[in-house]
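Beneath this line is the structure, given in structure tokens, with notes to follow.
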Protein chains: 2
Amino acid sequence: MTLDALPPHQGGAEQLARLLAQALLTGHWQPGDTFPRELDIGKHFAVSRNQVRNALTSLSAAGLLERTAGRGTLVREMGDWHLLDPLMSEWMTGLVNLDPQLVRAIYAFRFSAEPVVAGLAAQAAEAEDLERLERAFAGMENTAGSVDARDEHAEYDVAFHDATYRASHNLVWRQMGHLLRPSIMALIHGSQHRTDTLDDSLARHRQVLDAIRNRDVSAAETAAREVLRRTAIDLGIVS
Amino acid sequence: MTLDALPPHQGGAEQLARLLAQALLTGHWQPGDTFPRELDIGKHFAVSRNQVRNALTSLSAAGLLERTAGRGTLVREMGDWHLLDPLMSEWMTGLVNLDPQLVRAIYAFRFSAEPVVAGLAAQAAEAEDLERLERAFAGMENTAGSVDARDEHAEYDVAFHDATYRASHNLVWRQMGHLLRPSIMALIHGSQHRTDTLDDSLARHRQVLDAIRNRDVSAAETAAREVLRRTAIDLGIVS
DNA sequence: GCTTGTTAAAATGTCAGACATTTAATAGAC
DNA sequence: GTCTATTAAATGTCTGACATTTTAACAAGC
């Protein structure tokens with residue numbers, strides 16, 4: 001695959017990295033393919049070799065590429081991607097045609113993990129955590145109706161789940177909050193946003209919040225599972 | 001804190017990155033401190049500015065440092081560390097004086113997550129996965145007795161748990177296998193390695209293996225919890 | 001013919017030095 | 001005192017040359 005199909009870019013190695021990463025994430029190149037050479041990339045996008053190298057360094061740190069002196073740059077397979085790298089989440093966010101296999105994998109992870117996290121949150125949450133959860137939930141409520149606040153609503157949704165992970169008061173789980181963004185953002189494009197489904201989603205989130213506030217571990221686990229069941233429907237994973 | 005307390009190094013930006021990372025991980029610098037300047041580091045270790053920049057790029061990608069043009073390099077706090085970055089696991093492995101708070105956090109994560117993973121493995125494991133688990137378990141058995149095979153035993157232990165994560169057949173959980181290494185390696189230095197505790201540990205691992213083989217989800221969850229209870233004792237987290 | 005060693009080409013990796021940009025502190029004008 | 005230039009110090013970027021690694025081609029020798 002060549003570079004010609006990619007859009008132009010403007011300014012900064014980060015931009016270039018995002019551009020190339022998103023091309024890789026949407027299957028623009030096949031695993032095992034040789035990636036274009038540094039000099040060709042630089043010539044194509046009219047940037048210095050430095051910028052190219054900085055971008056490629058990020059991509060290989062994220063497990064998307066494998067570079068070896070003398071041989072060149074190879075595209076790695078999905079199983080080697082560092083899905084938990086925050087940079088990855090940033091690159092995946094806003095991608096419309098994310099690989100369905102990946103969306104399903106992330107969802108399946110959340111479905112197995114998030115009930116546990118909600119349970120931990122119910123045990124460990126402090127006042128500060130509850131405030132964060134309530135703020136996020138209030139934001140979701142306020143933006144539920146209007147069509148042109150969809151992005152904002154998604155941000156509050158992300159904030160709610162992230163607050164749940166943080167409330168677990170575990171450094172490792174907390175890191176995982178990054179992973180939520182692309183999964184939730186995919187909802188915007190995937191679901192119908194009918195009023196009744198939104199109301200349903202809100203009600204389920206409220207139950208998570210209440211369970212955590214009441215320090216009811218098993219209720220939090222159940223409620224989290226219910227939220228994700230709703231999510232699965234909206235994502236089109238189940239009907 | 002100065003660079004003088006650090007051991008010398010030989011060759012490669014990776015070595016330098018490991019050296020500095022381990023210094024940061026053991027609290028050589030406090031969060032908020034300003035890290036030495038590029039030129040000073042280069043002069044101290046007699047390496048080019050390039051090498052220093054490559055090393056610092058890794059460290060800031062892992063969330064250990066925050067660099068801003070003009071201001072300098074700041075040391076970030078533990079909550080910002082990317083604990084799930086594979087590089088981090090590599091750096092943490094072999095550290096004797098890892099921060100106890102960190103060891104506890106990783107253990108708490110495993111205690112909440114690994115039962116779920118074992119349950120998923122019981123659902124999804126295929127022949128290939130069972131072979132991996134059995135090979136690892138056999139290795140643990142063979143190396144259980146001798147004192148000079150402790151490192152090898154730990155490797156098989158890591159391999160067993162990693163195989164469990166892989167057997168879940170979920171891309172996200174699989175990535176998390178990296179996190180196990182430092183946690184398990186810490187056991188080598190922390191525990192007494194008496195014969196009876198080793199036998200006990202082996203028996204519990206065997207139950208995980210059997211449960212997965214029998215596709216018994218709840219038995220796998222229980223068995224994984226038992227393994228981790230043993231681990232907690234060996235780590236000195238509980239008595 | 002098969003192996004082995006040599007050479008050449010192509011790719012990434014490294015170096016060195018100049019320059020750019022950003023930030024913070026400092027001195028000066030009003 | 002406050003605002004504004006100026007300066008210093010740090011990281012970021014560019015450029016061109018060179019180093020190293022890998023692969024492939026090719027020739028020499030048995």
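Naming: A, B, ... by sequence-line order, numbering from 1 per chain.
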Legend entry - Any A:N50 side-chain N or O less than 4.0 Å from OP1/OP2 of D:dT15: no

Legend entry - Atom-pair distance (CG on A:L74; C1' on D:dT22), nearest Å: 12 Å

Inset, instruction - To the nearest Å, give me how far apart CZ (A:R37) and P (D:dT22) are. - result: 19 Å

Legend entry - A:T57: partners by side-chain contact (heavy atoms from CB on, under 4.5 Å), with sequence neighbours left out: none

Just list the side-chain donor-acceptor pairs under 3.5 Å for residues 99-112 of chain B, sequence neighbours left out, or say none.
residue, atom, partner, partner atom, Å
B:D99, OD1, B:Q101, N, 2.8
B:Y107, OH, B:L228, O, 2.7
B:R110, NE, B:E114, OE1, 2.9
B:R110, NH1, B:S183, OG, 3.0
B:R110, NH2, B:E114, OE2, 3.3
B:R110, NH2, B:H161, ND1, 3.3
B:S112, OG, A:W173, NE1, 3.0
B:S112, OG, B:A108, O, 3.3
B:S112, OG, B:F109, O, 2.9

Inset, instruction - Name the orientation class of the two ring planes belonging to B:W29 and B:F35 (parallel below 30°, tilted from 30 to 60°, perpendicular beyond 60°). - result: tilted

Kindly list each side-chain donor-acceptor pair under 3.5 angstrom involving residues 129-136 of chain B, sequence neighbours excluded, with atom names and distances?
residue, atom, partner, partner atom, Å
B:D129, OD1, B:R132, NH2, 3.1
B:D129, OD2, B:E126, N, 2.9
B:D129, OD2, B:H169, NE2, 2.6
B:E134, OE2, B:R213, NE, 3.3
B:E134, OE2, B:R213, NH2, 2.8

Inset, instruction - Among residues two or more places apart or on two chains, list those pairs meeting salt bridge (charged side-chain N to carboxylate O under 4.0 Å, His left out) that have a residue in residues 54-70 of chain A. - result: A:E38-A:R67

Legend entry - Side chains of B:T143 and B:H153, donor plus acceptor under 3.5 Å: yes

Legend entry - Beyond-backbone contact of A:H82 with B:P86, side-chain heavy atoms, under 4.5 angstrom: yes

Legend entry - Span of DNA chain C, from the first to the last nucleotide whose atoms fall under 4.0 Å of chain A heavy atoms: C:dA11 to C:dT14

Inset, instruction - Mark yes or no for a side-chain to base donor-acceptor pair under 3.5 Å between B:R49 and D:dG12, with no hydrogen or angle criteria applied. - result: yes

Inset, instruction - Using a cut-off of strictly less than 4.0 Å between a heavy atom of the residue and any atom of DNA chain D, enumerate the qualifying residues of residues 60-72 of chain B by number. - result: B:R67, B:T68, B:A69, B:G70, B:G72

Legend entry - Check: B:S168 side chain, B:T164 main-chain N or O, donor-acceptor pair, under 3.5 Å: no

